Amino acid sequence: YAAPDTAIIYVANAEVLIGNYSPNHKITAKEIAGEVKEVLKAQAQFLGGKLPVEKYAFLFYFTDQPVNPFGALEHSYSSLYYMPETTIDNMRQQLRDFAAHEFFHIVTPLTIHSKEIHQFEFNDPKMSRHLWLYEGMTEYFAGSVQVKYGLITPEEYLGVIRGKMLAAANYRQDISFTDLSQYTLTKYGTQYGNVYQKGALIGMCLDIKLRKLSNGKYGVQNMIADLSKKYGKDKAFDDETLFDDIEKLTYAEIGNFLRTYVGGAEPLPFK
């Protein structure tokens with residue numbers, strides 16, 4: 001609740017609202033819009049030139065109080081950002097990364113999701129086994145879309161990937177990603193941060209493997225598009241059969257990869 005500071009961006013078929021609250025007016029909605037516009041245009045191209053929403057809102061709440069942690073939360077057609085107040089120059093890339101990640105959630109889990117997410121029971125939540133898809137793949141896309149469309153260089157992106165490899169090594173290595181996901185609200189809560197590290201690395205490895213098997217013709221971008229066609233926002237998949245479904249859409253080797261490195265605790269084959 002604040003004096004209005006808003007901006008509108010038109011991206012493909014969607015009207016995107018930027019809402020901003022900056023207590024000391026260090027940053028404006030117009031500045032934020034200028035930074036995220038190119039990322040959103042790249043994402044629209046990445047998704048085939050059309051977005052699965054017609055209206056979307058980014059809601060930014062900046063604070064001048066000490067804050068840790070800070071971050072963002074996605075809703076169906078909007079995302080909320082709670083961040084330390086600073087100038088646009090000090091947060092340019094972070095804004096792009098945050099916005100790209102949350103906006104891609106319009107695909108996973110809002111378009112592709114399991115029954116646990118589709119009929120989410122807020123009073124007694126049951127988690128899906130597939131945070132590698134909802135958060136990991138989203139984080140991978142948020143970075144790879146920027147390098148694909150020239151917003152960052154390949155060298156910069158390899159630095160991001162290296163950072164994720166180093167960060168992932170700080171988490172437990174003896175838990176399968178499906179277990180981490182299923183029990184993230186209980187016994188594996190301290191491991192949740194790895195969904196943005198190892199989760200993105202799973203997306204990268206899957207992409208490389210798919211491209212190798214298809215001689216460069218098919219990657220995770222295509223796989224997600226095919227899953228969107230198969231399911232969609234009103235049709236949920238079964239948690240237990242997702243790996244089999246992806247194998248039928250792709251290759252037997254991909255099914256084996258998912259069962260070994262996502263459903264199992266084997267270290268990812270980075271080489």
Side-chain angles (χ1 to χ4, degrees), residues 43 46 69 71-74 79 94 96-114 116-117 125 127-148 157-211 219-224 227-228 237 239 242-243 245-246 250 254-270:
Q43 287 178 287
F46 190 86
L73 180 70
E74 50 99 6
S79 44
Q94 187 175 54
R96 286 180 172 183
D97 291 343
F98 273 22
H101 178 100
E102 300 306 329
F103 194 64
F104 262 132
H105 277 310
I106 58 178
V107 180
T108 55
L110 299 171
T111 303
I112 308 168
H113 52 252
S114 70
E116 286 80 0
I117 303 299
M127 285 300 290
S128 166
R129 299 164 65 201
H130 297 297
L131 275 171
W132 71 273
L133 176 68
Y134 310 134
E135 291 293 355
M137 195 65 75
T138 300
E139 181 70 5
Y140 174 62
F141 282 157
S144 60
V145 72
Q146 293 185 66
V147 73
K148 180 167 184 170
Y157 187 55
L158 286 171
V160 171
I161 290 295
R162 175 167 168 74
K164 289 190 181 299
M165 291 165 89
L166 293 169
N170 293 320
Y171 290 91
R172 282 180 59 175
Q173 307 298 311
D174 60 336
I175 309 168
S176 73
F177 218 79
T178 47
D179 279 353
L180 186 160
S181 181
Q182 193 168 9
Y183 302 109
T184 196
L185 297 178
T186 52
K187 60 183 176 180
Y188 295 142
T190 58
Q191 303 301 305
Y192 177 75
N194 207 12
V195 302
Y196 304 104
Q197 313 303 332
K198 188 179 178 183
L201 298 169
I202 289 169
M204 177 193 72
C205 291
L206 203 53
D207 205 6
I208 293 168
K209 192 157 186 65
L210 277 167
R211 288 169 187 277
V220 285
Q221 190 176 347
N222 310 89
M223 183 189 88
I224 292 296
L227 284 171
S228 295
F237 62 76
D239 241 33
L242 180 63
F243 291 167
D245 294 347
I246 291 173
T250 58
I254 296 300
N256 290 336
F257 174 92
L258 290 169
R259 291 182 199 98
T260 304
Y261 301 107
V262 185
E266 287 290 313
L268 285 167
F270 290 133

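These numbers were taken from a predicted model, which means no experiment stands behind them. Position 1 is the first residue of the sequence, and the numbers go up from there.
Looking only at distances, a side-chain donor or acceptor of T138 sits under 3.5 Å from a matching main-chain atom of Y134.
Here the side chains of Q146 and D97 are in contact, with some heavy-atom distance below 4.5 Å. With a 4.5 Å cut-off on side-chain heavy atoms, M204 and F270 count as touching. Side-chain contact between S144 and Y157 is present, with heavy atoms from C-beta onward closer than 4.5 Å. For the pair F257 and C205, the minimum side-chain heavy-atom distance is below 4.5 Å.
Ring geometry for H130 versus F237: interplanar angle over 60°, hence perpendicular rather than tilted (30 to 60°). The aromatic rings of F104 and F46 sit perpendicular to each other, their planes meeting at more than 60°, with 30° as the lower class boundary.
Nearest heavy-atom pair, G263 versus T178, reported as atom, atom and distance to 0.1 Å: CA-OG1, 3.6 Å. Pairing each heavy atom of D239 with each of S128, the nearest pair is OD1-OG, 2.8 Å. When all heavy atoms of D179 and Y188 are compared, the closest pair comes out as O-CD1, 3.6 Å. Across V220 and G203, no two heavy atoms sit closer than the pair CG1-O, 4.0 Å.
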Test side chain to side chain contact (heavy atoms under 4.5 Å, CB included) applied to L158 and V147, step by step: CA-CA 10 Å; L158 286 171; V147 73; over 6 Å; no

With side-chain hydrogen bond (donor to acceptor under 3.5 Å, both in side chains) as the test, would you mind laying out the steps for E74 and H101 before giving the verdict? CA-CA 9 Å; E74 50 99 6; H101 178 100; over 6 Å; no

Test side chain to side chain contact (heavy atoms under 4.5 Å, CB included) on L131 and Y192 and set out the steps. CA-CA 9 Å; L131 275 171; Y192 177 75; 3.9 Å; yes

Working note: F141 + H105, criterion ring-ring contact (aromatic ring centres under 6.0 Å, His included); need CA distance, chi angles, decisive distance, verdict. CA-CA 10 Å; F141 282 157; H105 277 310; over 10 Å; no

Check against side chain to side chain contact (heavy atoms under 4.5 Å, CB included), L242 and L133: CA-CA 10 Å; L242 180 63; L133 176 68; 4.1 Å; yes

Residues L206, M137; criterion side chain to side chain contact (heavy atoms under 4.5 Å, CB included); working and verdict: CA-CA 10 Å; L206 203 53; M137 195 65 75; 3.9 Å; yes

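Residue L180 holds its CG atom at 14.5 Å from CH2 of W132, rounded to the nearest 0.5 Å. One finds the CG atom of L201 at 14.0 Å from the OH atom of Y261 (value rounded to the nearest 0.5 Å). Note that CD1 of I254 and CG of L210 are 4.0 Å apart. Values are rounded to the nearest 0.5 Å. If you take CZ on R129 and OG on S176, they are separated by 7.5 Å, rounding to the nearest 0.5 Å. We find the CD-CD distance between Q191 and Q173 to be 9.0 Å, quoted to the nearest 0.5 Å. Rounding to the nearest 0.5 Å places CZ of R172 at 11.5 Å from CG of N194.
Applying the side-chain contact (heavy atoms from CB on, under 4.5 Å) rule to R211 yields the partners D207; only residues at least two apart in sequence or on another chain are considered.
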Distance-only donor-acceptor hits, side chain of residues 161-171, under 3.5 Å, sequence neighbours excluded:
unit_1: K164; atom_1: NZ; unit_2: E139; atom_2: OE2; d: 2.8
unit_1: K164; atom_1: NZ; unit_2: Y196; atom_2: O; d: 2.9

